[in-house]
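These notes concern the structure reproduced below.
From a predicted model like this one, the values you see are computed outputs, not experimental measurements.
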Amino acid sequence: MFSKGKIMGYTIGDVAKITGMSSYTLRYYDKKGLLPFIDRDPSGRRHFKEHDFEFLQTINCLKNTGMSLKEIKQFIELCQKGDCTLNERLAFFNKHRKDVEKQLQEVQGYLDMVDHKIYYYTRACEAGTEDGIEC
């Protein structure tokens, strides 16, 4: 969006406050090619638009679920190509879903172990000793 020759939108500081992502992280993502959709003013300052937040949320989700920046960049590149990549993007998310499901199974195993230890130590505290308490 333009107004009187200037690009209007959110500054990187605004976006950092709104998303909770640091300005450093946003600049790093831009440097790595994850934000090709961001407008810049004639001085090179980034200006984010309202619909950029959905991309940022997706990038954050993918990163937080273990996806590499290289893979995220591939997804962004597919998006930039338009509708001809819809099937590829669907396949991309189907594969990632399987990866996240595997992570969930692993974390569930860790939670089961923690629950077991809570049970064990609850019984030991009640008995006042670990003697005779089965692991």
- Message: Return the CD to SG distance between Gln74 and Cys79, rounded to the nearest 0.5 Å.
- Response: 12.0 Å
- Message: For the CG atom on Asn94, are there more than 12 heavy atoms of other groups (residues, nucleotides or ligands in this structure) within a distance under 6.0 Å?
- Response: yes
- Note on the structure: Heavy-atom closest pair (Ser22 atom, Ala16 atom, distance to 0.1 Å) is C-CB, 4.1 Å
- Item | Derivation and outcome, side-chain contact (heavy atoms from CB on, under 4.5 Å), residues His96 and Met67 | CA-CA 8 Å; His96 190 61; Met67 187 173 286; 3.2 Å; yes
- Message: Quick check for you: to the nearest 0.5 Å, what is the distance between Leu69 atom CG and Lys73 atom NZ?
- Response: 10.5 Å
- Query: Is any side-chain heavy atom of Val107 less than 4.5 Å from a side-chain heavy atom of Leu104?
  - Reply: no
- Thr11 side chain to Asp14 backbone, donor-acceptor under 3.5 Å: yes
- Message: Are there over 12 heavy-atom neighbours, none belonging to Asn64, within less than 6.0 Å of that residue's CG?
- Response: yes
- State, with a plain yes or no, whether a side-chain heavy atom of Ile59 is found less than 4.5 Å away from one of Ile76. yes
- Quick check: does any side chain N or O of Thr25 sit under 3.5 Å from a backbone N or O of Met21, one acting as donor and the other as acceptor? no
- Side-chain contact test, heavy atoms from C-beta onward, threshold under 4.5 Å: evaluate it for Leu26 versus Val15 and give yes or no. yes
- Item | Closest non-hydrogen atom pair, Ala124 against Ile133 | CA-CG1, 4.1 Å
- Message: Does any part of the side chain of Arg89, heavy atoms only, come nearer than 4.5 Å to the side chain of Phe75, both counted from C-beta?
- Response: yes
- Note on the structure: To the nearest 0.5 Å, atom CD1 of Ile12 lies from atom CZ of Arg46 at 4.5 Å
- Find the distance between NE2 (His47) and OH (Tyr10) and round it off to the nearest 0.5 Å. 13.5 Å
- Message: Within the structure provided, determine whether Phe92 and Leu62 are in side-chain contact (heavy-atom separation under 4.5 Å).
- Response: yes
- Minimal heavy-atom distance between Lys81 and Cys84, with the atoms involved, is O-SG, 3.6 Å
- Task: Answer with yes or no whether the side chains of Glu71 and Ser68 bring together a donor and an acceptor at under 3.5 Å.
- Result: yes
- Message: For Asp131, is there any backbone N or O sitting under 3.5 Å from a side-chain donor or acceptor partner on Thr129?
- Response: yes
- Does the distance from a Lys or Arg side-chain N to an Asp or Glu carboxylate O, for Arg27 and Asp30, drop under 4.0 Å? no
- From Leu35 atom CG to Arg40 atom CZ, the distance as rounded to the nearest 0.5 Å: 9.0 Å
- Any link between Ile18 and Leu56 through a network of hydrophobic side chains (Ile, Leu, Val, Met, Phe, Trp, Tyr) touching at under 4.5 Å? yes
- Message: Both conditions, 6.0 Å and 45 degrees, for the charged tip of Lys117 above the ring of Tyr120: are they met here?
- Response: yes
- Please list, chain by chain and in numerical order, all residues satisfying salt bridge (Lys or Arg N to Asp or Glu O under 4.0 Å) with Glu54, sequence neighbours excluded. none
- I would like to know whether Tyr29 and Lys63 meet side-chain contact (heavy atoms from CB on, under 4.5 Å); could you show each step before the answer? CA-CA 11 Å; Tyr29 285 176; Lys63 180 72 175 120; 3.6 Å; yes
- Message: Ring centroids only, cut at 6.0 angstrom: are Phe48 and Phe53 within range, meaning strictly under it?
- Response: no
- Could you go through the salt bridge (Lys or Arg N to Asp or Glu O under 4.0 Å) check for Lys49 and Asp39 one step at a time? CA-CA 8 Å; Lys49 298 171 294 306; Asp39 291 330; 3.3 Å; yes
- Determine yes or no for a side-chain-to-main-chain donor-acceptor pair under 3.5 angstrom, with Gln103 supplying the side chain and Thr65 the backbone. yes
- Item | Spacing of Asn60 atom CG and Ile72 atom CD1 [to the nearest 0.5 Å] | 9.0 Å
- Side-chain touch Lys32/Tyr28, heavy atoms, less than 4.5 angstrom: yes
- Neighbour count >12 (heavy atoms, 6.0 Å) for atom OH, Tyr119: no
